[in-house]
Amino acid sequence: MIQLKSEADIEEMRQAGRIVARVFRDIESSVVVGISTKKLDDLIKEGVEKQGGLCAFLGYRSYPANSCISINEEVVHGIPSENIIVEDGDIVSIDIGVKLSDYFADAAITVSVGNIDPKRKKLMDTTKKALALGIKEARVGNYLSDISYAIQQYAESKGFSVVRDFAGHGIGKELHEEPEIPNFGKRGSGIKLKKGMVFAIEPMVNAGTWQVEIASDGWTVLTKDRQLSAHFEHTVAILDDGPEILTRI
Ligand code: MF3
Ligand code: CO
């Protein structure tokens, strides 16, 4: 069942979303050559807790860290580690979920480090724009798959592919609620969007094949062809006057 949120619920989710947004703002400049992903994860925990929130991923289905940090051919769910060091030219996806007084917010960004190859930059920019175009479709009266369609069309028009094995999701008092929001599909199918739905929309866009596999750690999702992947995510509320991005300052 899809849980519709009241204005009071959404206000709580705004608070959670603001924490996520501020942590991204504060840590972005720390994503530099030589830093370990564990150190970034520590900074994320510190930033979230300083604002009174909890890191929502830690312990979720036994996930062992505060955030997910996925570099280059890693798509999502990379586990931060002292042994993973950010290098020049990397693209680094950081995914943060926060729980604040019973409500969740979830967002991700991909940032580049140092001298970035134009093809990598194009992949990141395309993924970010695909998210923006998907969010634009998150309005009362549209269909769920209008979001999916917008994301897929744009990503593929730039010569990239969208991951099919992982999707966006409803979010609220649970990190993952119904519905599932695929990043591909045709226009005009699935449920009709209503006021009070809140979605985590999260395109994962690959430079090569859309196919992925799980690494031996049981979590890290990798592109099958080891080409690059980028990920952006926002938590978005559907209101009468259109989508409101909750994970933005
Ligand atoms: N944003 C990710 C998602 O919605 C969160 C990862 S969940 C965890 O799938 F298991 F890694 F915690
Ligand atoms: Co998510």
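No experiment lies behind these values; they were computed from the predicted model shown.
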Minimum side-chain heavy-atom gap [X]-[Y] below 4.5 Å:
X      : Y      : result
Asp95  : Glu233 : yes
Val86  : Val32  : no
Leu228 : Arg120 : yes
Ser36  : Asn83  : no
Asn183 : Met204 : yes
Ile19  : Val98  : yes
Asn72  : Val92  : no
Ser30  : Leu40  : yes

Following the transitive rule for hydrophobic clusters with a side-chain heavy-atom cut-off under 4.5 Å over Ile, Leu, Val, Met, Phe, Trp and Tyr, establish whether [X] and [Y] coincide in one cluster.
X      : Y      : answer
Leu4   : Ile171 : no
Ile35  : Ile96  : yes
Val76  : Ile69  : no
Leu246 : Leu131 : no
Val163 : Ile94  : no

Look only at the side chain of [X] and the backbone of [Y], and say whether a donor-acceptor pair between them is shorter than 3.5 Å.
X      : Y      : result
Asp90  : Ile71  : no
Asp217 : Trp219 : yes
Ser161 : Gly208 : yes
Lys5   : Gln3   : yes
Asp9   : Ser6   : yes
Asn206 : Val162 : no
Asp146 : Tyr143 : yes
Ser70  : Gly78  : yes
Ser112 : Ile116 : no

State the CZ-CG distance between Phe199 and Leu193, to the nearest 0.5 angstrom.
5.0 Å
Between [X] and [Y], does any side-chain donor sit less than 3.5 Å from a side-chain acceptor?
X      : Y      : result
Ser93  : Glu74  : no
Ser67  : Asp41  : yes
Glu177 : His169 : no
Thr209 : Asp225 : no
Ser145 : Ser189 : yes

[X] and [Y]: which non-hydrogen atoms are nearest, and at how many Å?
X      : Y      : value
Glu180 : Leu144 : O-CD2, 3.5 Å
Val20  : Ala107 : CG1-CB, 3.7 Å
Thr37  : Ile79  : OG1-O, 4.5 Å
Thr247 : Ala105 : CG2-CB, 4.1 Å
Arg139 : Gly242 : NH1-CA, 4.0 Å

One thing to verify: whether Asp117 and Lys121 come together as a salt bridge, which I'm taking to mean a side-chain N less than 4.0 angstrom from a carboxylate O.
no
Hey, are Glu213 and Arg226 close enough for a salt bridge, meaning a charged N less than 4.0 Å from a carboxylate O?
yes
Who else is in Tyr154's hydrophobic cluster (ILVMFWY, side-chain heavy atoms under 4.5 Å, direct or via others)?
Leu133
Using a side-chain heavy atom cutoff under 4.5 Å and only I, L, V, M, F, W and Y, what cluster partners does Leu222 have?
none
Check: Tyr63 ring centre within less than 6.0 Å of His77 ring centre
no
Exercise answer: donor-acceptor pairs, residues 44-61 side-chain atoms, under 3.5 Å, sequence neighbours excluded:
unit_1 : atom_1 : unit_2 : atom_2 : d
Lys45  : NZ     : Glu49  : OE2    : 3.0
Gln51  : OE1    : Arg22  : NH1    : 2.8
Gln51  : NE2    : Gly47  : O      : 3.2
Tyr60  : OH     : His176 : ND1    : 2.6

Qualifying residues under salt bridge (charged side-chain N to carboxylate O under 4.0 Å, His left out), relative to [X], sequence neighbours excluded:
X      : result
Glu244 : Arg14
Glu73  : none
Lys195 : Asp240

Passing option when Val205 is tested against Val75, Thr127, Thr110 for side chain to side chain contact (heavy atoms under 4.5 Å, CB included)
Thr127
Looking at Lys129, Met124, Lys122, which hits side chain to side chain contact (heavy atoms under 4.5 Å, CB included) with Thr126?
Lys122
Please evaluate residues Phe104 and Lys173 with respect to the criterion side-chain contact (heavy atoms from CB on, under 4.5 Å), reporting the C-alpha separation (whole Å), side-chain torsions for both, the decisive distance (0.1 Å), and the verdict.
CA-CA 6 Å; Phe104 289 87; Lys173 287 191 173 180; 5.7 Å; no
